[in-house]
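Counting starts at 1 for both ligands and their atoms, in listed order.
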Amino acid sequence: MDRKLPSIALIALLLTLFLPSLGYGYWKGEEDVEPLDHYYIEVFLDEREYKLSGYLVLHHFNKHSVAFRELYFHVYPNAFKPWNGSVEILSVINLNTLRKLKYSIVGEDLTILKVFLDEILEPKKWIKIAINFTVLIARKGDRFGYNNGIYALGYFYPILAVYDKSGWNLNPYTWIGDPVYAETSNYKVYIIANRSMVIAATGVRKRVDDLGKGLKGELWIAENVREFAFVASKEFKVSKTVWKNITIYSYYKPEKGLMGEAALEYAKRAIKVFSENIGFYPYPEFRAVEVDFGYGGMEYPMLIMIAGKLYEPERAFWLELVIAHETGHQWFYNIIGNDEYDEPWLDEGFTELVTILYFEWNYGYKRGLEVYNMYKSHYYRYLSRHVDYPLALSVGFFERKPYPYSYYYIVYRKGACVLFMLRRMLGDDLFFKCLRTYYERFKFRIATIDDFIKTVEEVSGQDLDWFFEHWVFGSGVPRYTIRSLRAYPTFQGYVLEVEIGQLDETPLYLKMRVPLLVKTSSGEFIKWVWVNGTASTVRVLLSDKPVSVRVDPYDYILGQDAKTVFYVKIMEETVTLPFIRGLTKSFLVQLGVLLTLLLVTSTLLILYRRKGGKVL
Ligand SMILES: [Zn+2]
C-alpha cells in the first residue's frame, strides 16, 4: 500500500477525511491554556517493502518572542542509509494557506528537513503544517530498524527541532548517544498494520478498527511526551500488571517465558520507587518491549525497548539494571526534558544515579551500594588507562575522540558517582528534597545543567560553586593522603592537627570537603574538613585521646586515596595525677617557676620588714 498522493487537493481531502478519525480538534479550546504542539500522524506499516508511509500534521505554536520564516525537523532515518533506512519527503503543505511549501534536506548526515514558510510565523501564533512522507525501515537490529521479526520504530517521522537561546538545535544523529531534544507535545497516531501485528507504542491505545483485507488501524494517544515511537511484531506475547492507577505491560517473544514476566515485575518496581521518591509517574500506561538490538536498552516516552539477549535467567541482574535505567529515563529526558546531545549528563548521569537508587529502594542500602561500587570501579578502571573529562560535554565531543567510549565512562559512570557524592555532601534529606524540587520545577519543561545547579543551591541554601565547578565543569580526580598528624593536649581536650595533601599535583587549587575517620580512645567518627588547594592543615578539637586517622575511608570523594591508617603522635603526655588531669607538663613547670618566684619574693619581703625597713 502506497500512500504517496499526487496533488495537494488530494492530500487536503485525505486530511479532511482522516483527521476526524484521529479526533482532530480534541484539544480545541485548550490552546490558550496550554499551547503544546500537537502531532497527528498516520502511517501504514508495509511489511513486504519494510516501509512506513503516511503523513503528519503538526500544529505548532510559536511560543518565542521572535518570528520565523523557516522551521526545522529532524529526519533521523536518513542516518541509516548504509542499512537501507531513509526518509523521503513527498510534500510539505501549510494548512493555513493550503500552499505547498519549499523544503530541503540539509545537515552533515542529511538528517535535517528545512521548511521554508510562505508566511511569517509571528510570536504567539499557530501554524499547521502537513508533511507527506515515506520511510524505508533500516534492516538492522537497532532502535530504528527491522530485525528478527521485530520492527523497532523510533525516530520514524519528522520531529520538530527545538529553538532555544542558542537558536535552532540542529545536531546530527549520534551513534554513541541519544539525539533527541524536543519540547513535550501531544500525539495522536493512527497505525495501520497487518491484523496479526502486536503493537506497543508511546501512549494509550484508544481504538482498534478492522479495516478489512487483513488490516487493522490502531489509534494511540499520548499527552505531554517528548516524541513518539512504536514496536511491532507478530510474535509478541503480552503480560500486564497494575500499580496504583498505572498499567504496566511487558512484550516479549513466547520463548522468553518467565524472563518476560520478570521484565514486567522489574518495570513495575521501577515505576513504583521512582514515583514514590522523585515525583509521580504522570501517565496512565508504561511498556517494556523486547527488541533485537545491540544496545542494552533504549528509552522512549511511556515505552522502553529492551535487548532480547538480556531475557536469560543468567542475565537477570542485567535485565533488571537495564530496565531500571530505561525506566529512569521517563523522569530524566521525558518528564524533565534536556538537550540529550549537548548536555547528556542530565539524562544519562541522572538515570544511572536512579538505577543505583532503584536497587537501594527495592532491596536496601547495601544492595544499592554494591551497584554504586560497581559503577565506580568501572570509572576507576577507565581512569587508569584514559584521560578524565568534565561531565558538561556534548555527545559530539566524545564521538569525535579516538576512544568514543569515554562517553559511557564519563557521562554515565562518573556522572552517577558525582551525583552520589553530592548526596553524601548534602545528606539524604536535603539531596532528595533537591531532586524532588527539580522534578516539580521542570516537569514537562526543559532543564539545563545551570537550572539543576540553581535548584540545588536554592533548596540547600548553600553556595556549591566549589563542588560543581570541579566535578561538573572540571576534570581530574584528587587522591588524598595524610602528610603529618599529631595531637597535643590542652585544658579543653586534645587538638588534633592533620596536614592533608593530594598524592598528585593535579587537580590544582581544588577546594573540597573531605571526610576523615578519626579513631579515639572511646570510639570512632567521621569528621568532614575543608581542604583548600593541594594541601591544607586542619585542627580538630577532641574530648578524647586520638589514636588514628584515615582519609576518606569509605571513598565518599571520588579518587583512590591512601589506604593507610595514620597513627596519631601525641606531642606531650598529659600528667595523670588526680585533680590535674589534662594539664601539660610545660604548664606545670611554668606553674612551679611561678610559685618559686612568689616564695622568694615573699621571703625577701618578710626579711625586709624584720630589718625595720632598712635596705639590706
Ligand atoms: Zn540511558
Side-chain angles (χ1 to χ4, degrees), residues 76 141-144 152 154-155 171 173-182 202 225-227 229 231 263 266-267 270-271 273-274 278 281 286-291 293-307 309-310 317-359 371-372 374-375 378-379 382 391-399 404-420 435 438-439 446-447 449 452:
Y76 293 125
D142 212 312
R143 49 195 173 186
F144 168 74
Y155 318 134
N171 288 313
Y173 183 77
T174 163
W175 293 99
I176 62 164
D178 301 332
V180 167
Y181 176 26
T202 294
V225 292
R226 302 275 155 198
E227 57 180 316
V231 184
Y266 301 149
I271 291 285
V273 294
F274 298 155
I278 306 167
Y281 180 75
F286 182 64
R287 287 174 167 78
V289 187
E290 177 187 346
V291 165
F293 59 19
Y295 311 99
M298 183 60 209
E299 72 279 9
Y300 291 96
M302 305 173 72
L303 171 89
I304 54 174
M305 299 178 181
I306 303 295
K309 64 188 176 193
L310 297 179
F317 167 71
W318 294 106
L319 179 68
E320 184 166 17
L321 184 134
V322 169
I323 288 177
H325 174 100
E326 306 307 343
T327 308
H329 272 303
Q330 295 304 312
W331 280 260
F332 302 101
Y333 134 81
N334 183 28
I335 301 170
I336 304 171
N338 67 296
D339 182 341
E340 286 194 296
Y341 193 92
D342 285 332
E343 295 193 330
W345 173 57
L346 282 186
D347 57 284
E348 296 302 353
F350 281 61
T351 301
E352 287 287 73
L353 170 79
V354 298
T355 302
I356 297 167
L357 296 172
Y358 164 92
F359 286 94
V371 178
Y372 166 71
M374 179 183 76
Y375 281 0
H378 294 168
Y379 174 52
Y382 166 83
L391 295 175
L393 288 173
S394 72
V395 176
F397 172 88
F398 292 101
E399 205 153 33
Y405 294 109
S406 299
Y407 176 64
Y408 302 108
Y409 293 101
I410 300 297
V411 173
Y412 285 60
R413 300 300 198 244
K414 178 186 176 185
C417 292
V418 165
L419 287 167
F420 207 80
L435 212 55
Y438 178 58
Y439 169 91
I446 286 168
I449 291 178
F452 174 70

- Message: So, 2.8 Å as the limit: is an N/O/S atom of Glu348 located closer than that to the Zn ion (ligand 1)?
- Response: yes

- Query: Any side-chain donor paired with an acceptor under 3.5 Å for Glu227 and Tyr333?
  - Reply: yes

- Contact check, side chains of Arg143 and Asp178, non-hydrogen atoms, under 4.5 Å: yes

- Partner of Leu391 under side-chain contact (heavy atoms from CB on, under 4.5 Å), chosen from Ile410, Leu346, Leu419, Val411: Ile410

- Shortest-distance N, O or S atom of His329 relative to the Zn ion (ligand 1): NE2

- Query: With the Zn ion (ligand 1) as the point of reference, which N/O/S atom of His325 is the closest?
  - Reply: NE2

- Item | pair Tyr76-Tyr173: side-chain heavy atoms closer than 4.5 Å | yes

